[in-house]
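These numbers come from a predicted model, not from an experiment.
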Amino acid sequence: SLEHPIHSRQVRAIGRFQTRNTFAAMPPVKFDDISKTAAEVLNDDFKTSGYEFKAKQKTSWDGSVVTSTIDLFPQKSDVKTPAKLTWKLPTPLKATGFSIDKLEMDKGGKFKLEASSDKVYPKLKVDAKSDLTDPAKIVAGCTYSGFPGTLLKFETTPLNPQAFTAEVTQIAGEATLGAKFGLSNITAPDLGARFSRGPFFSSLMVKEKLKAITAHASYQVMPELRCAATADYGGKKSGQFGFGLAYDVIKGTKLKLKVQHDQTICASVKHDVAKGFTVLAGAKFDNQKKD
């Protein structure tokens with residue numbers, strides 16, 4: 001049967017309207033996550049030597065989750081099995097007004113605490129971070145997503161309120177725009193933009209008072225294969241670049257490869273042994289040092 005041209009145009013117009021509304025209804029990413037889609041291919045789950053075992057287990061204690069991360073056969077270390085323990089307490093001591101998102105102790109005995117609450121005001125999330133040692137390092141902040149397609153975030157240290165950072169990200173169709181600043185760069189804030197359409201993703205970040213530019217791009221070749229690249233111009237990392245790929249070999253097993261500007265090649269394999277239990281192994285080859 002033939003489709004009426006007027007009806008076809010109406011359907012396409014409704015589709016575009018619904019797409020725009022979908023983008024507007026979705027909260028944008030945080031400023032530091034603008035490049036995440038491509039950056040995670042190049043940075044996440046890369047281990048350059050040895051093996052890492054990670055076990056995540058949900059307990060019956062108010063839904064708490066415990067994650068144990070153990071490095072086996074570490075180099076240049078007296079501790080043969082250094083471990084990091086992380087707890088997540090959604091309702092600590094049955095309190096529903098806030099949650100402990102992370103309580104972490106690393107192999108050196110150092111702590112990290114992150115707590116938050118979204119019960120204060122609709123679309124508002126307040127959070128706090130601490131190393132449980134130095135009160136001067138306590139960070140408090142809030143994130144507000146009450147405006148359609150917009151995310152506002154503010155952080156500061158209570159003992160030094162002038163050391164604040166503020167950011168805003170805004171969805172504009174298939175793009176996301178963002179800015180982040182503190183007192184030191186309030187006249188030249190960090191800027192960011194990302195664009196995504198189908199399998200293609202790209203982002204651009206301008207930092208260091210508009211002197212450093214970092215570009216990322218990624219492409220989903222097939223459901224199991226994603227490629228990514230990055231390059232820096234200006235600033236402290238000027239001239240650095242890298243290429244990488246992530247490939248799902250089979251369900252539960254992912255292979256990652258990366259080549260960097262300094263002629264180093266990194267490879268990593270992550271395998272899900274069972275639900276909540278993963279093994280991560282990797283290696284690094286320096287072509288200049290032949291090591």
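Residue pairs meeting the salt bridge (charged side-chain N to carboxylate O under 4.0 Å, His left out) criterion with at least one member in residues 182-211, sequence neighbours excluded, are Glu174-Arg197. Sorted by first then second residue, the ring-ring contact (aromatic ring centres under 6.0 Å, His included) pairs that include residues 190-226, not counting sequence neighbours, number zero. For the salt bridge (charged side-chain N to carboxylate O under 4.0 Å, His left out) condition, the pairs that include at least one residue of residues 84-101, sequence neighbours left out, are Asp62-Lys94. Applying the salt bridge (charged side-chain N to carboxylate O under 4.0 Å, His left out) test to every pair with at least one member in residues 111-125, sequence neighbours left out, gives no pairs at all. The stretch residues 39-53 participates, sequence neighbours left out, in these salt bridge (charged side-chain N to carboxylate O under 4.0 Å, His left out) pairs: Glu40-Arg226, Asp45-Lys270, Lys47-Asp71.
The number of heavy atoms from other shown groups lying within 6.0 Å of OH (Tyr121) does not exceed 12. More than 12 non-hydrogen atoms from other residues, nucleotides or ligands lie less than 6.0 angstrom from CD of Gln220.
Listed by chain and number, the hydrophobic cluster partners of Leu183 are Phe154, Phe164, Phe181, Ile186, where partners are ILVMFWY side chains within reach of under 4.5 Å, directly or through others.
When all heavy atoms are compared, the tightest approach of Cys266 to Lys284 is SG-CG, 3.9 Å. Phe46 approaches Val41 most closely through the heavy-atom pair CE1-O, 3.4 Å.
The residues Glu104 and Lys110 are annotated as not salt-bridged, no charged nitrogen and carboxylate oxygen being separated by less than 4.0 angstrom.
With Tyr247 as the aromatic partner, Lys254 does not meet the cation-pi criteria of under 6.0 angstrom to the ring centre and within 45 degrees of the ring axis.
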